[in-house]
A.B. asks: 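Shown below is the structure under consideration.
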Amino acid sequence: METISGKADPVVRPITAADIAEALSQGLRDFQAMPLYGLAFGALYAAGGIAILLCLTAFGMVYLVYPLAAGFAMIGPFVAVGLYEVSRRREAGRPVSFGAIWATIRSRSEIGWMAFVTLFVFVVWMYQVRLLIALLLGLNASFSSLHEFITVVLTTNEGLLFLAIGNAVGAALSLILFSLTVVSFPLLLDRDVDFVTAMITSVRAVVTSPLPMIGWAALIVVLLAVSAMPYFLGLVVTLPVLGHTTWHLYRRIIAPVAA
């Protein structure tokens, strides 16, 4: 098969839970070997979450913290691009520096389109949360604190319905975005392919190994959600480990180009 650009499609290989465990081990080793880069990108991710939290607080919308924390995992693959490049360079024995990482990312124009897709889904997630609040909790619903919002959600029929529908929609959006990005970002760094081909290849990877990949997606969401609870600070360590792991998982999923 050929891509829309006329090149051969990347070959997708099936994986197992053992592959994920080994990739996770390799990701930890990458983080331990080059912690400065992991901590820098993790801090950038956490700082973004804190900035959005401060904005929500300033605008009296602190009740959106929970959906923000739940949806923040969606933009993780985009932020972790730099970590994929660190692992790629370390694997190839090439020098690693922030300048080299940025130069590589900047030269891959298709990554910008993938970033747009990622951010678009995140914005859709936040807007649908606000829409559900208006439909189920009141058009002019406003809450003075996160505690008040949680109380309404957990103690009223409308709140429980909001929680059920919101989590279902969030899970669907997360699965869609995971399927589109889990392989696409590393692939765009590694090879000269278009972003549509990268997304199709990523979906093929999930379809080829559905249980291991969905398990990996669930693990990512749980780890990022838990890490985001202490004011997003846990993300400083969690994001780099997951980012490095994703690169090594990509290497197991996508067969190398034949010589």
Side-chain angles (χ1 to χ4, degrees), residues 15-50 68-94 96-98 100-102 104-105 111 114-115 118 122 174-175 177-190 202 205-206 209 211-254:
I15 62 166
T16 65
D19 290 305
I20 295 176
E22 181 57 33
L24 188 56
S25 176
Q26 290 175 303
L28 281 168
R29 287 197 291 270
D30 279 359
F31 178 56
Q32 291 170 342
M34 296 185 168
L36 174 62
Y37 298 97
L39 292 174
F41 285 106
L44 178 66
Y45 191 45
I50 293 171
L68 168 66
F72 207 55
M74 295 180 181
I75 62 175
F78 168 47
V79 181
V81 169
L83 297 166
Y84 307 153
E85 179 62 10
V86 170
S87 289
R88 189 173 82 102
R89 286 178 169 271
R90 181 168 182 261
E91 180 183 275
R94 299 171 61 189
V96 180
S97 69
F98 286 110
I101 293 169
W102 172 244
T104 300
I105 294 173
I111 288 179
M114 277 307 308
T118 302
F122 177 70
S174 295
L175 182 58
L177 190 59
F178 171 81
S179 299
L180 293 174
T181 62
V182 63
V183 165
S184 57
F185 276 112
L187 180 59
L188 289 171
L189 264 181
D190 194 38
S202 192
V206 174
S209 307
L211 290 181
M213 294 300 283
I214 291 176
W216 172 236
L219 180 61
I220 290 174
V221 171
V222 169
L223 289 177
L224 289 181
V226 171
S227 301
M229 287 181 184
Y231 300 99
F232 297 93
L233 297 179
L235 297 173
V236 174
V237 173
T238 304
L239 178 78
V241 172
L242 292 177
H244 291 309
T245 299
T246 297
W247 169 260
H248 291 290
L249 195 58
Y250 155 76
R251 298 295 269 169
R252 290 169 177 273
I253 293 171
I254 303 300

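When reading the values below, keep in mind they use all heavy atoms of this one structure, side chains included, and skip hydrogens, waters and symmetry mates. Start at 1 with the first residue, then count along the sequence.
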A.B. asks: Give, for atom CG of L189 and atom CE of M114, the distance between the pair rounded to the nearest 0.5 Å.
C.D. replies: 11.5 Å
A.B. asks: Taking salt bridge (Lys or Arg N to Asp or Glu O under 4.0 Å) as the definition, give me every residue that meets it alongside R29, ordered by chain and number, with sequence neighbours left out.
C.D. replies: E22
A.B. asks: Any luck finding a side-chain donor-acceptor pair between T104 and R89 under 3.5 Å?
C.D. replies: yes
A.B. asks: How close do V236 and A46 get, counting heavy atoms only, and between which atoms?
C.D. replies: CG2-CB, 4.0 Å
A.B. asks: Would V86 and W247 count as a side chain to side chain contact (heavy atoms under 4.5 Å, CB included) here? Give the steps.
C.D. replies: CA-CA 9 Å; V86 170; W247 169 260; over 6 Å; no
A.B. asks: Kindly determine whether V237 and F31 satisfy side chain to side chain contact (heavy atoms under 4.5 Å, CB included), including the steps that lead there.
C.D. replies: CA-CA 9 Å; V237 173; F31 178 56; 4.1 Å; yes
A.B. asks: For side chain to side chain contact (heavy atoms under 4.5 Å, CB included), just list the numbers for L233 and I50, CA-CA rounded to whole Å, side-chain angles, deciding distance to a tenth of an Å, and then say yes or no.
C.D. replies: CA-CA 9 Å; L233 297 179; I50 293 171; 4.3 Å; yes
A.B. asks: Identify the two heavy atoms, one from G42 and one from P240, that lie closest to each other, and give their separation to 0.1 Å.
C.D. replies: CA-CD, 4.2 Å
A.B. asks: So, taking the atom named CG in L224 and the one named CD1 in I75, what distance separates them when rounded to the nearest 0.5 Å?
C.D. replies: 10.5 Å
A.B. asks: Can you tell me how far apart CZ (R94) and CD (E85) are? Round to the nearest 0.5 Å.
C.D. replies: 6.5 Å
A.B. asks: Looking only at non-hydrogen atoms, find the nearest pair between M213 and A205 and report the distance.
C.D. replies: CG-O, 3.8 Å
A.B. asks: Can you measure from OH (Y37) to CZ (F41) and round to the nearest 0.5 angstrom?
C.D. replies: 9.0 Å
A.B. asks: Who passes salt bridge (Lys or Arg N to Asp or Glu O under 4.0 Å) against R90, sequence neighbours left out?
C.D. replies: D30
A.B. asks: Let me confirm one number: the CG-CG distance from L39 to L44, rounded to the nearest 0.5 Å.
C.D. replies: 12.5 Å
A.B. asks: Do the non-hydrogen side-chain atoms of T246 and P77 ever get within less than 4.5 Å of each other?
C.D. replies: no
A.B. asks: Heavy atoms only: give me the nearest L83-L239 pair and the separation to one decimal.
C.D. replies: CD1-O, 3.7 Å
A.B. asks: Which atom names give the shortest non-hydrogen contact between T238 and S227, and what distance separates them?
C.D. replies: OG1-OG, 2.5 Å
A.B. asks: Check the pair W216 / L242 against side chain to side chain contact (heavy atoms under 4.5 Å, CB included), numbers first and verdict last.
C.D. replies: CA-CA 10 Å; W216 172 236; L242 292 177; 3.7 Å; yes
A.B. asks: Could you state the interatomic distance from OH (Y250) to CD1 (I15), rounded to the nearest 0.5 Å?
C.D. replies: 14.0 Å
A.B. asks: Please name the pair of heavy atoms, one in A40 and one in F98, separated by the smallest distance, quoted to 0.1 Å.
C.D. replies: CB-CZ, 3.8 Å
A.B. asks: Considering residues at least two apart in sequence or located in another chain, which fulfil the side-chain contact (heavy atoms from CB on, under 4.5 Å) criterion with L28?
C.D. replies: V241
